Amino acid sequence: MTDIGRMLLFSHEDCLGHAEPPGHPEQAARLMAVERALAGFDLDRRAAPLAGRSEVLRCHPAGYVAQVEAAVPADGWSMLDGDTWLAPGSLTAALRAVGGVCAAVDAVLVGEAKRAFIACRPPGHHAETARAMGFCLFGSVAIAAKRALDHHRLSRVAVLDFDVHHGNGTQDLLWDESRAMFVSSHEMPLYPGTGAARETGAHGQVVNLPLRAGSGGAAMRAVWAPALARVRDFAPDLILVSAGFDAHADDPLASLEWEVEDFRWLTAAICDLADQVCGGRVVSALEGGYDLPALGASVAAHVDEMMRRA
Ligand SMILES: [Zn+2]
């Protein structure tokens with residue numbers, strides 16, 4: 001039997017260099033809170049590599065990549081959309097975030113570990129094909145899904161997104177991709193406004209689970225249990241997770257009112273499913289989560305549950 005190593009944690013200090021304007025919720029302190037929360041964990045810690053241009057081009061046109069590159073300021077900030085800013089270190093940070101998820105997929109698919117968590121920023125799930133939005137530049141998780149399919153030649157992958165905001169970018173990037181099932185739960189109505197249940201993808205492979213403000217953990221479990229059964233029927237070879245923790249009750253940007261134990265329950269359910277369908281392989285990447293204590297506690301529960309079940 002192959003010896004599977006410890007769970008992997010990909011991060012990089014360059015991801016602190018994506019400095020947002022003062023008062024912006026997507027701040028470098030988020031990553032420091034995550035690092036503190038995971039400090040005592042027995043993880044195989046690796047540096048997130050810079051993604052090559054060819055990886056980004058799996059999902060974004062060259063013209064868009066050039067537009068982002070040209071917008072990077074020499075100092076201060078430049079604005080890509082109403083809430084998405086670039087600092088001098090932002091492009092490097094975003095390429096670490098893409099590279100981290102891709103490297104985690106590579107490591108898990110060659111059997112170095114069953115599970116991986118990527119603690120990088122900026123997040124990615126709002127970035128559309130040629131449009132930065134919602135704090136996101138490149139669709140890191142969708143890019144890694146494409147890499148798993150096209151480079152590693154997997155037949156099917158699933159992307160599960162429990163960030164409180166709809167993963168409109170991931171949905172856009174994978175809309176026509178019959179080999180990638182995308183499931184997103186999110187508060188609705190809320191930014192970015194997409195994610196209605198009637199949005200089902202070009203091949204019926206997109207599953208949206210809108211939840212009402214204040215609906216809490218019970219409503220979450222009620223929609224995710226049948227959705228995970230659908231993922232089981234899809235039989236993915238790998239499960240990717242867009243792990244946002246802004247559905248927590250203390251988060252300032254939303255009001256789904258989940259608790260740490262709800263993130264733990266959902267993580268356990270995802271890992272159990274992975275054990276059944278894909279040899280336990282789960283690659284999970286940080287998306288949102290803006291209350292620092294809640295973010296730290298929720299990430300700790302998420303990673304602890306992934307390790308416990310590895
Ligand atoms: Zn979010």
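Note that ligands are numbered from 1 as they come in the structure, with each ligand's atoms numbered from 1 the same way. The structure displayed is predicted, hence computed values, not measured ones.
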Evaluate F162 against H302 for ring pair (Phe, Tyr, Trp, His ring centres under 6.0 Å), listing each step before the verdict. CA-CA 12 Å; F162 59 76; H302 179 63; 5.8 Å; yes
Is the Zn ion (ligand 1) under 2.8 Å from any N, O or S atom of D246? yes
Output yes if H125 passes the N/O/S-under-2.8 Å test against the Zn ion (ligand 1); output no otherwise. no
From the N, O or S atoms in D163, identify the one nearest to the Zn ion (ligand 1). OD1
Distance in Å, W85 CH2 paired with H18 NE2, rounded so as to fall on 0.5 Å steps: 12.0 Å
Tell me which pairs pass side-chain hydrogen bond (donor to acceptor under 3.5 Å, both in side chains) where either residue lies in residues 252-263, with sequence neighbours left out. R221-D262
Of the N, O or S atoms in H165, the one nearest the Zn ion (ligand 1): ND1
Between CZ on residue R230 and CD on residue Q205, distance to nearest 0.5 Å: 10.5 Å
